[in-house]
2 protein chains.
Amino acid sequence: MLKHKHDHDACIETALEAAQKICEERETRFTPLRRRVLELVWTKHEPITAYEVLDMLSEGQKRVAPPTVYRALDFLIEEGFVHRIESLNSFVGCSDPAHKHQGHFMICTKCSNVTEMNERSLHDVIKKAAEENGYSYENSILEIAGICENCRN
Amino acid sequence: MLKHKHDHDACIETALEAAQKICEERETRFTPLRRRVLELVWTKHEPITAYEVLDMLSEGQKRVAPPTVYRALDFLIEEGFVHRIESLNSFVGCSDPAHKHQGHFMICTKCSNVTEMNERSLHDVIKKAAEENGYSYENSILEIAGICENCRN
DNA sequence: GCACTGAATGTTATAAAATATCAAGCAATC
DNA sequence: GATTGCTTGATATTTTATAACATTCAGTGC
């Protein structure tokens with residue numbers, strides 16, 4: 001069942017190519033394993049758990065161990081290709097990998113789809129709120145639960 | 001080492017009394033176990049994990065099992081006396097238990113202290129952002145990491 | 001008082017998520 | 001081709017959380 005009308009294969013491919021390019025620029029190593037994990041994260045196109053990645057990664061070969069997946073995910077998060085959704089213990093591909101940032105998300109409680117908001121204004125408001133309360137700002141997690149447009153119709 | 005200059009015992013006592021009163025109003029049961037768990041959460045006055053609560057609860061008596069703690073925490077969260085900090089898998093006492101709400105937090109990455117922000121304006125901005133992106137708003141998690149005023153001095 | 005009911009707690013077992021540690025492989029540099 | 005450091009493999013364990021069923025307890029009606 002297609003939730004979004006888009007060419008999903010192309011969408012994955014674009015993400016992989018972008019990651020590849022960024023890693024070349026940064027001289028970090030986009031190894032086959034890391035590439036494969038990023039691909040699996042994008043394949044689901046919804047928050048995916050580390051153990052789901054693990055299962056998919058293990059298909060048709062010897063089962064990989066959790067650290068393999070977690071290390072790959074750590075790298076991808078570090079590079080900004082993947083975000084972690086704290087409230088779901090899950091991971092999603094980043095829609096704007098070129099700029100490192102912490103993601104702000106809306107999570108549909110019906111269909112589980114996640115939308116990343118890259119809104120400068122929202123980020124600024126949050127940062128300002130922190131500073132007004134005496135905190136220096138490092139980063140922030142924002143996860144909004146609600147019902148998406150599709151599911152309301 | 002005291003981090004805040006306040007009478008911590010009084011602060012715990014206030015929280016317990018408030019909870020008691022609210023439960024009477026709502027006709028929900030503020031049992032000895034639930035009271036004790038809330039007390040332990042407030043005693044630490046920093047995010048506390050379920051298993052820390054479990055250990056403290058077990059002191060000087062037969063060890064309690066995880067469900068005992070999780071159920072009490074579930075109740076306290078449901079009533080709005082405790083918030084869960086997703087990014088830390090931990091729990092903190094709510095500073096405004098009289099009004100049910102989802103908490104917005106600042107977390108000091110040095111001293112681990114947590115400050116709850118009950119700012120209407122921030123809440124409104126977040127809700128508006130969600131709606132502008134086509135989501136109905138249910139609730140939201142905001143956890144800002146930074147360094148608190150104390151730790152910067 | 002006593003049986004009934006439903007909520008709360010106890011108990012046992014297990015699932016789910018994540019990490020520590022050490023070993024082996026591999027890729028770049030000298 | 002030896003060295004170095006990063007990456008991956010492998011084993012074990014820790015941390016976090018829940019499922020399922022049994023027992024206890026408080027309130028209600030009789």
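In what follows, chains carry the letters A, B, and so on, assigned in the order in which the sequence lines appear, proteins first and then strands, with residues in each chain numbered from 1. Given the structure is predicted, the values throughout are model-derived calculations rather than measurements.
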- Query: Is any side-chain N or O of Thr68(B) closer than 4.0 Å to OP1 or OP2 of dT9(C)?
  - Reply: no
- Figure out the CZ/C1' separation between Phe91(B) and dT15(D), and round it to whole Å. 13 Å
- Glu131(A) atom CD: more than 12 heavy-atom contacts under 6.0 Å: yes
- Item | Length of the CD1-P vector between Ile48(B) and dT16(D), whole Å | 12 Å
- If you pin Pro67(A) and Thr28(A) to their nearest nucleotides in DNA chain D, which one's is more 5'? Thr28(A)
- Task: Report yes if a side-chain nitrogen or oxygen of Lys62(B) is closer than 4.0 Å to either non-bridging phosphate oxygen (OP1 or OP2) of dG10(C); otherwise report no.
- Result: no
- Task: Look at the side chain of Ser90(B) and the backbone N and O of Leu88(B), then say whether any donor-acceptor pair between them is shorter than 3.5 Å.
- Result: yes
- Considering only side-chain heavy atoms of Leu33(B), which listed nucleotide, dT9(C), dT16(D), dA17(D), is closest? dT9(C)
- Query: Which part of the nucleic acid, if any, lies within contact of Thr31(B), taking any heavy atom under 4.0 Å across all strands shown: a base, the sugar-phosphate backbone alone, or nothing?
  - Reply: sugar-phosphate
- According to a strict under-4.0 Å criterion, is Arg36(B) in side-chain N/O contact with OP1 or OP2 of dT9(C)? no
- Query: What is the distance from CG of Leu88(A) to P of dT16(D), rounded to the nearest Å?
  - Reply: 18 Å
- Message: Counting the atoms with a prime plus P, OP1 and OP2 as sugar-phosphate, which does Arg71(B) contact under 4.0 Å by heavy atoms, base, sugar-phosphate, or nothing?
- Response: base
- Task: Starting at atom CG of Asp55(A), determine the distance to atom C1' of dA16(C), rounded to an integer number of angstrom.
- Result: 12 Å
- Message: Looking at Arg29(B), I'd like to know whether one of its side-chain N or O atoms comes within less than 4.0 Å of OP1 or OP2 on dC25(D).
- Response: no
- Note on the structure: Glu78(A) atom CD is separated from dC6(D) atom P, nearest whole Å, by 14 Å
- Query: Is Met117(B) isolated, or which residues cluster with it under the ILVMFWY side-chain rule of less than 4.5 Å, directly or via members?
  - Reply: Met106(A), Met117(A), Leu122(A), Val125(A), Ile126(A), Tyr135(A), Tyr137(A), Leu142(A), Ile144(A), Met106(B), Leu122(B), Val125(B), Ile126(B), Tyr135(B), Tyr137(B), Leu142(B), Ile144(B)
- Rounded distance in Å - CD (Gln61(B)) to C1' (dT9(C)): 12 Å
- Roughly, in whole Å, what's the span from CG in Leu76(B) to C1' in dA8(C)? 13 Å
- Protein-nucleotide distance (Tyr70(A), atom OH; dG9(D), atom P), rounded to Å: 17 Å
- Which one of Val64(B), Thr43(B), Leu40(B), Leu38(B) satisfies the side-chain contact (heavy atoms from CB on, under 4.5 Å) criterion with Val53(B)? Leu40(B)
- Message: Should the side chain of Arg63(A) and the base of dG9(D) be counted as holding a donor-acceptor pair, with the cut-off at 3.5 Å?
- Response: no
- Note on the structure: Rounding to 0.5 Å, atoms CG (Asn150(B)) and SG (Cys111(B)) come to a distance of 7.0 Å
- Message: When you measure only distances, ignoring hydrogens and angles, does the side chain of Tyr51(A) come within 3.5 Å of the base of dA15(C) through a donor and an acceptor?
- Response: no
